[in-house]
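The structure under discussion appears below in the form of structure tokens.
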Amino acid sequence: MPSPLPPSPNAKRRVKAKKPDRQSPTFRILREPSPSLFPSRGEILKLLLIVFIAASVAVACSFVSDILSRRPKPFCDSGQDPQDIDMCEPCPEKGRCSNGKLECLHGYKKQGRICIENGQLHQTAKQLAKVVEDDVCGSYAQVLCNRAGKIWFEEGDVEKILDDYKAREDIRLEDDNYKLAIHKALETVQGSLEKKTDSNGSKEYKCPQPLAELHRPLDCCIRQWLYRHILLVTGVLTIVICLTRFFWILHRKKIASTRAEKLYEEVCEILEENAVRARTQNEGKPWVVASWLRDHLLLPRERKDYTLWKKVEELIQEDSRIDQYPKLIKGESKIVLEWQADGALSSSLKAKKTMKRTDKFSTQVDKLHCNQEKAKVGESLLPHL
């Protein structure tokens, strides 16, 4: 029996080549999964966001659908107990319900499933109440001020007040609503005014006195306050008058003192100029009659004030440079004034004066001497007449 042939080298290569076939691609996937097999973290978050949005939309649609498809409960009839009825809603305040429907009372309007107050009607009622209160309290205030007025108002008087107000103002309300506004106004007024019922059953209204006092006119308030505080007012006025007179006297004294000092300065200047002229130029007399000087310097309205020239005379008497003595002029004794200062002092005073003041004083002296000459001529002509 022949021996088997040894395997050829090619056969060995084929056997070796078959070994890798045992590890197929499927086997490799099961052993080591690929990184791209599972989604990433960002993809998972996007998926969750989409699921959340879809669920929210579904819930919202379901909620809206339930609201639109649901019918509101009917209202329970007025007067029924809503606790015994499960299929109706209680009738709201200020409303009347019948057969499941709501009707608001007069003065109220429907808003949704409730009744709210009519704003225009409420405002009109407040205006009417204020009109009635002002008229009633204003009339009583006139009585408190001792004037023509009325205290108690009947219902007819109140209605007349409201009718007059309606005729003056443009009230845009229907008749039913206006009547309701009047009713509300009267209810409001009853809370602030006093009322009583007479034997006929008619109501009368009166404003309380504290409230009527607030409606008094200003002149009445001032007059009554003065009457109540007459002593205080009299004392204050007396003090004010006394203080005013005191300060006025001080003011007048100050003015008179200033004017007297100014006249005194003018007297000194005239006397000095007159003395210098008489000594240097031998013109005129060195003295001046005091009464002529007074009438020359004082204004016509100042001549009636004897205290003004008296202050000037006091200043002249205190001045040692001026000498005054009586002198017989045309048979009449007069007080004359003469400047007694020496030449050196006169020269220093003259050097300080301006040319304008010198001309002015010279003119005054000339006028004074002219008046003296005219008086002398008049006295000389009197015997011939």
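Just so you know, these numbers use all the heavy atoms, side chains as well, and skip hydrogens, waters and symmetry mates.
Residue-environment remark: CD (Glu103) stays at or below the threshold of 12 foreign heavy atoms within 6.0 Å. Within a 6.0 Å radius of NZ in Lys126, no more than 12 heavy atoms belonging to other residues, nucleotides or ligands are found. The number of heavy atoms from other shown groups lying within 6.0 Å of CZ (Arg223) is above 12.
There is a path of hydrophobic side-chain contacts, each under 4.5 Å, that joins Leu297 to Ile316.
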task: Assess whether ring pair (Phe, Tyr, Trp, His ring centres under 6.0 Å) is satisfied between Trp225 and His229, documenting all intermediate values.
output: CA-CA 6 Å; Trp225 186 88; His229 303 84; 4.5 Å; yes
- request: Decide yes or no on side-chain contact (heavy atoms from CB on, under 4.5 Å) for Glu154 and Asp157, but give the supporting numbers first.
  value: CA-CA 5 Å; Glu154 299 179 355; Asp157 300 330; 3.9 Å; yes
Full working for side-chain contact (heavy atoms from CB on, under 4.5 Å) between Cys268 and Ile322: CA-CA 8 Å; Cys268 293; Ile322 301 174; 3.8 Å; yes
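Partners of Ile53 according to the side-chain contact (heavy atoms from CB on, under 4.5 Å) rule, which considers only residues two or more places apart in sequence or in another chain, are Leu49, Val57. By the ring pair (Phe, Tyr, Trp, His ring centres under 6.0 Å) test, Trp152 is found to be paired with no residue, residues two or more places apart in sequence or in another chain being considered. Applying the ring pair (Phe, Tyr, Trp, His ring centres under 6.0 Å) criterion to His183, with sequence neighbours excluded, gives no partner residue.
Salt-bridge formation is not detected for the pair Lys206/Glu204: no Lys NZ or Arg NE/NH1/NH2 atom is positioned less than 4.0 Å from an Asp or Glu carboxylate oxygen.
Checking Asp319 against Tyr264 by side-chain atom types alone, a donor-acceptor pair falls below 3.5 Å.
The disulfide (SG to SG under 2.5 Å) analysis of residues 202-242, with sequence neighbours excluded, yields the pairs Cys137-Cys207, Cys145-Cys220. Applying the side-chain hydrogen bond (donor to acceptor under 3.5 Å, both in side chains) rule to pairs touching residues 301-311 yields Arg259-Glu302, Asp305-Thr307, Trp309-Glu313, sequence neighbours excluded.
Judged by distance alone, with hydrogens and angles left aside, the side-chain atoms of Ser257 form no donor-acceptor pair with the main-chain N or O of Lys253 at under 3.5 Å.
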Residues 212-219 side chain polar contacts: donor-acceptor under 3.5 Å, at least two apart:
residue	atom	partner	partner atom	Å
His215	ND1	Leu211	O	2.9
His215	NE2	Asp134	OD1	3.4
Arg216	NE	Glu213	O	2.9
Arg216	NH1	Gln224	OE1	2.4
Asp219	OD2	Arg147	NH2	2.9

